[in-house]
2 protein chains.
Amino acid sequence: MKMERPKTRIQQKNTRTILDAALDVFSQHGFRGTTLDQIAQAAGLSKPNLLYYFPSKEAIHDALLMELMDTWVDPLRHIGEDGHPVEEIVAYVLRKLEMSRDYPRESRLFANEIVQGAPRILDQIEGPLRDLVNEKAEVIRGWIAAGELAEVDPHHLIFSIWSTTQHYADFDVQVRGILRPEGDAHFNDAAQFLEALYRRTLTPR
Amino acid sequence: MKMERPKTRIQQKNTRTILDAALDVFSQHGFRGTTLDQIAQAAGLSKPNLLYYFPSKEAIHDALLMELMDTWVDPLRHIGEDGHPVEEIVAYVLRKLEMSRDYPRESRLFANEIVQGAPRILDQIEGPLRDLVNEKAEVIRGWIAAGELAEVDPHHLIFSIWSTTQHYADFDVQVRGILRPEGDAHFNDAAQFLEALYRRTLTPR
DNA sequence: AAAGAGTTTGACCAAACGGTCAGGAACACG
DNA sequence: CGTGTTCCTGACCGTTTGGTCAAACTCTTT
């Protein structure tokens, strides 16, 4: 009988193990900086065994990126569904900051890819992401026109939110090197700062 | 006769050519993603010739990083030398944004290094950079105490400035993919947005 | 328990890589 | 012009890397 996804238990488990190990390594060393042996060791599997589950190193990387693009941009979709404009955006900022704290590997994988010219996801950026951002920019423009939000450029507002929040994941070593925080304590200060930053900027006078 | 730096004209020229070409390649592909052949081709020299001027690939990379660390953090040093606090910080923001526009390669080289754990410059970060940031944080705290600046966490203020400005260099492809700007036109909008962002946040009420 | 599908691995390969080296070419200088 | 120094290159080397493959092992199913 032909199933759509004939995955066995072992396949499910090992595919997950590999992707998780690969996320570790790719996010730390970038695509070219990562070797199959590193992934294999991190996953506790042999190199040929990796290639039994994925046809190539690039396939592993691509699988991670695709999985990522789905979930990473997701919070942006929920902007403007209810509530007060300023609260909506502040909530988005805090949600993004939480993601930097809880999923730094994903953030760094993304950062590595973009910094190096996004060779593998440029289509996604110029297509679906661009459309989504433009759509949300319109929502924000509507709020501004209604006097519910201070006048700001919506696109650059979104960029600034992305950069300030993802900074805590992507530049983690720098932040920690300067603050020497205990654990993730500094994320609370960051949340407080960013909330004030955007509240003051966005609240209409 | 023994000179301190016996550099000939040819040495001067070729060293510069190599470093410039290497900056191109390293900033786009990261350290491990870059090959000596790529640098050689970009520089218009042969691979062994590179290694006549630099003992290794890592030496080229290190030379770039050292040169960079000197100049990259420099604008921060000039904060608090004169003028009104809010203006000082706004000027710093705009200066950093200009640097992202005019020296995106340097910014990306730095970003690549940090994202991947800053293996080669961690000492610089935890030492001199940390000290400088703490020093400027004290200056900002002084301004706040004097009522010349709104109450904000100085460290996170600095982080936010770094991230928002460098974003336009490091995530250039993403920004361009979404905005589809002509040339560097969007930098003016970014400057306007960031100036408003920090002016509203920092001006005491 | 036997068969067949699914899983794992050691041994291997070709290409790419960072780096070496002997010797030749270009240059500076008396 | 000659000679010593600086500059440059083709050929080469050992290692690393992504990937292959036949053979062996294991798990499920009947």
Side-chain angles (χ1 to χ4, degrees), chain A residues 1-65 109 112-113 116 119-120, chain B residues 1-26 28-65 112-113 116 119-120:
Chain A
M1 200 180 287
K2 221 178 194 172
M3 300 232 219
E4 270 297 298
R5 309 191 93 220
K7 289 216 174 174
T8 68
R9 274 197 338 273
I10 296 179
Q11 263 173 50
Q12 293 260 352
K13 194 194 67 177
N14 281 351
T15 321
R16 269 284 113 222
T17 305
I18 292 169
L19 286 176
D20 190 68
L23 180 56
D24 259 11
V25 187
F26 277 132
S27 67
Q28 204 170 23
H29 303 288
F31 179 72
R32 290 231 23 199
T34 295
T35 71
L36 283 175
D37 288 290
Q38 278 177 289
I39 300 174
Q41 191 173 355
L45 299 172
S46 69
K47 186 172 66 172
N49 206 4
L50 294 194
L51 295 164
Y52 172 73
Y53 291 101
F54 292 91
S56 69
K57 175 183 168 184
E58 195 163 4
I60 303 177
H61 192 252
D62 285 2
L64 280 174
L65 275 184
L109 182 74
N112 259 306
E113 183 68 11
Q116 304 194 359
R120 282 166 258 269
Chain B
M1 197 181 289
K2 221 177 193 173
M3 301 230 218
E4 271 296 298
R5 309 193 93 220
K7 289 217 174 174
T8 68
R9 276 198 334 276
I10 296 178
Q11 262 171 51
Q12 293 259 352
K13 194 194 67 176
N14 281 350
T15 321
R16 269 285 112 221
T17 305
I18 291 169
L19 286 176
D20 190 68
L23 180 56
D24 259 12
V25 187
F26 277 132
Q28 204 171 22
H29 303 288
F31 180 73
R32 290 230 23 199
T34 295
T35 71
L36 282 174
D37 288 289
Q38 278 177 288
I39 300 174
Q41 190 173 354
L45 299 171
S46 69
K47 187 172 67 172
N49 206 5
L50 293 194
L51 295 163
Y52 172 73
Y53 290 101
F54 292 90
S56 68
K57 174 183 168 182
E58 195 162 5
I60 303 177
H61 192 252
D62 285 0
L64 281 174
L65 275 185
N112 259 304
E113 184 67 11
Q116 305 193 0
R120 284 166 258 268

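First the proteins, then the strands, lettered A, B, ... as listed; each starts at 1. These values consider heavy atoms only, across backbone and side chains, with no hydrogens, waters or symmetry-generated copies.
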| said: So, does B:Thr8 get its side chain near the phosphate of D:dC7, meaning an N or O under 4.0 Å from OP1 or OP2? | reply: yes
| message | Can you tell me if B:Ser46 touches the phosphate of D:dT9, counting only side-chain N or O atoms and a distance under 4.0 Å to OP1 or OP2? | response | yes
| request: Measure from CG on B:Leu45 to C1' on C:dA25 and round the result to the nearest Å. | output: 16 Å
| note | 5'-most contact on DNA chain C (nearest-nucleotide basis), B:Gln38 vs B:Pro55, goes to B:Gln38
| query | Does a side-chain N or O from B:Tyr53 land closer than 4.0 Å to OP1 or OP2 of D:dC8, or not? | reply | yes
| message | Would you say that A:Ile39 contacts A:Phe26 through its side chain, given a criterion of any heavy-atom pair below 4.5 Å between the two side chains? | response | yes
| Polar side-chain contact B:Lys47-C:dG19 base: donor and acceptor under 3.5 Å | yes
| Could you give the CD-to-C1' distance, from A:Glu58 to D:dT17, as a whole number of Å? | 15 Å
| task | Using atom CG of A:Asn49 as one end and atom C1' of C:dT9 as the other, report the distance to the nearest whole Å. | result | 8 Å
| message | In the structure I gave you, are the side-chain heavy atoms of A:Thr15 and A:Phe54 within less than 4.5 Å of one another anywhere? | response | yes
| Whole-Å gap separating P (C:dC13) and CG (A:Leu36) | 19 Å
| field | Separation of D:dC7 C1' from B:Phe54 CZ (nearest whole Å) | value | 15 Å
| request: Calculate the interatomic distance between B:His29 atom NE2 and C:dA16 atom C1'; express it in whole Å. | output: 15 Å
| query | Should A:Arg32 and B:His29 count as side-chain neighbours, where that means a heavy-atom distance under 4.5 Å? | reply | no
| message | Please tell me if A:Arg32 has a side-chain N or O lying less than 4.0 Å from either OP1 or OP2 of C:dC17. | response | yes
| field | Side-chain N,O (B:Asn14) to OP1/OP2 (D:dC8) below 4.0 Å | value | yes
| Between atom CG in B:Leu50 and atom P in C:dC17, what is the gap in whole Å? | 14 Å
| said: Could you check whether any side-chain heavy atom of A:Glu58 comes within less than 4.5 Å of a side-chain heavy atom of A:Phe31, counting everything from C-beta outward? | reply: yes
| task | Check whether any side-chain nitrogen or oxygen of B:Tyr52 sits under 4.0 Å from OP1 or OP2 of D:dC8, and answer yes or no. | result | no
| message | Applying a 4.0 Å non-hydrogen cut-off, can you work out what B:Leu51 is touching in the nucleic acid: base, sugar-phosphate, or nothing? | response | base
| D:dT6 phosphate, OP1 or OP2: any side-chain N/O from B:Arg9 under 4.0 angstrom? | no
| field | Any A:Gln11 side-chain N or O less than 4.0 Å from OP1/OP2 of C:dG6 | value | no
| query | Expressed in angstrom and rounded to an integer, what is the separation of A:Ile10 atom CD1 from C:dT7 atom P? | reply | 5 Å
| task | Would you check if B:Asn112 and A:Gln116 make a side-chain contact, meaning some heavy-atom pair closer than 4.5 Å? | result | yes
